[in-house]
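What follows is a set of notes on a single structure, which appears directly below.
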Amino acid sequence: MVPQIEIYLNAQCEGVDEALMSRFAQALNGLLPELLLAPPGPDHVLSQLPVVEISVVDDETIARVHAEFLDDPSATDAITFPYGEILVSCDTAARYAAEHGIDPQEELFRYMVHGLTHLHGYLDYEPADREALFAVQEPLVRRFFPK
């Protein structure tokens, strides 16, 4: 099964609007079949989900969720729940992009792909796991980011 992507804009961030979210949803729906062709990780659930909901939130919201569910009160880029919900921070994407001279919209898209890759079973706690995740994630970001 290939799940449908639904994106909800729950924050106000510069350059991020409903039109961009629509383009992102279309691109993410297009990349899912390719992601599902990658060997799944041990805790993969992506192919079993009918829908994946992605919520774009601010740093305050993601920090609150991070504290509640992972005992870490700091803001983070993405949080993925195995029942098919992904939260991504547009504030973190904008800050990281400014610090590294990259497109903040592409960074936000990367966080969405990152969450989907987690749902496909890839982890990023250990360096080797992170390398394997990025080896799947980055070609998808480069190929499907809507320019």
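- Annotation: the span from Leu31 atom CG to Gln26 atom CD amounts to 11.5 Å, rounded to 0.5 Å.
- Without hydrogens or angle criteria, Asn29 side chain to Ala25 main chain gives a donor-acceptor distance under 3.5 Å.
- Val141 is connected to Leu36 through a chain of hydrophobic side-chain contacts under 4.5 Å among Ile, Leu, Val, Met, Phe, Trp and Tyr, so both are in one cluster.
- Not a single donor-acceptor pair under 3.5 Å links the side chain of Gln137 to the backbone N or O of Thr117.
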Take Asp59 and Thr61, measure what side chain to side chain contact (heavy atoms under 4.5 Å, CB included) needs, and give me the verdict at the end.
CA-CA 5 Å; Asp59 273 353; Thr61 301; over 6 Å; no

Audit row: Ile54, Leu28, side chain to side chain contact (heavy atoms under 4.5 Å, CB included) steps and yes/no:
CA-CA 11 Å; Ile54 300 174; Leu28 293 169; 3.8 Å; yes

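- No more than 12 heavy atoms of other residues, nucleotides or ligands sit less than 6.0 Å from atom CD of Glu14.
- Counting heavy atoms of neighbouring residues, nucleotides and ligands inside a 6.0 Å radius, atom CD of Gln48 exceeds 12 of them.
- In terms of modelled atom types and a separation under 3.5 Å, the side chain of His120 and the main chain of Leu35 share a donor-acceptor contact.
- Not counting sequence neighbours, the partners of Glu85 by the side-chain contact (heavy atoms from CB on, under 4.5 Å) test are Ser55, Phe81, Tyr83, Leu87.
- Under the 4.5 Å side-chain criterion, counting only non-hydrogen atoms from C-beta, Met21 is in contact with Met112.
- Annotation for Pro146 and Ala27: closest pair CD-CB, 4.0 Å, computed over non-hydrogen atoms.
- Here the CG atom belonging to Leu108 is positioned 9.0 Å from the CZ atom belonging to Phe145, to the nearest 0.5 angstrom.
- Pairs passing the salt bridge (Lys or Arg N to Asp or Glu O under 4.0 Å) check and including a residue from residues 105-119, sequence neighbours excluded, read Glu106-Arg110, Glu107-Arg110, Arg110-Glu138.
- In this structure, Ile62 is not a member of the same hydrophobic cluster as Tyr8, with clusters built from ILVMFWY side-chain heavy atoms closer than 4.5 Å.
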Derivation of the side chain to side chain contact (heavy atoms under 4.5 Å, CB included) call for Val113 and Phe144
CA-CA 10 Å; Val113 176; Phe144 287 92; over 6 Å; no

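- The distance from atom CG of Leu20 to atom CD of Gln105, rounded to the nearest 0.5 Å, is 4.5 Å.
- Within the 4.5 Å cutoff, the side chain of Glu6 has no heavy atoms near those of the Val52 side chain.
- Without hydrogens or angle criteria, His100 side chain to Ala97 main chain gives no donor-acceptor distance under 3.5 Å.
- Criterion: ILVMFWY side-chain heavy atoms under 4.5 Å apart, direct or through other members. Under it, Phe69 and Leu123 are not part of a common hydrophobic cluster.
- A distance-only check finds no donor-acceptor pair linking the side chain of Asp72 to the backbone of Ala67 [under 3.5 Å].
- Screening residues 29-78 for disulfide (SG to SG under 2.5 Å) gives no qualifying pairs among residues at least two apart or on separate chains.
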List the steps, then state whether side chain to side chain contact (heavy atoms under 4.5 Å, CB included) holds for Leu119 with Ile86.
CA-CA 9 Å; Leu119 289 175; Ile86 300 168; 3.9 Å; yes

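- The two residues Pro104 and Ala93 have their closest heavy-atom pair at O-CB, 4.1 Å.
- Between His114 and His118, the ring planes are perpendicular. Angles over 60° get that label, and only those under 30° would be called parallel.
- Side-chain contact check for Asp129 versus Asp124: every heavy-atom pair is 4.5 Å or farther apart.
- By the rule that hydrophobic residues join a cluster once side-chain heavy atoms approach within less than 4.5 Å of another member, Ile79 and Ile7 end up as members of separate clusters.
- Under the 3.5 Å distance criterion, with hydrogens and angles disregarded, no donor-acceptor pair is assigned to the side chains of Ser89 and Asp91.
- Distance OH/Tyr122 to CD/Glu131: 12.5 Å, rounded to 0.5 Å.
- Taking every heavy atom of both residues into account, Asp58 and Ala11 meet most closely at N-CB, 3.6 Å.
- Under the 4.5 Å side-chain contact rule for hydrophobic residues, Leu32 and Phe109 share a cluster.
- Side-chain contact between Gln4 and Pro50 is absent, with no heavy atoms from C-beta onward closer than 4.5 Å.
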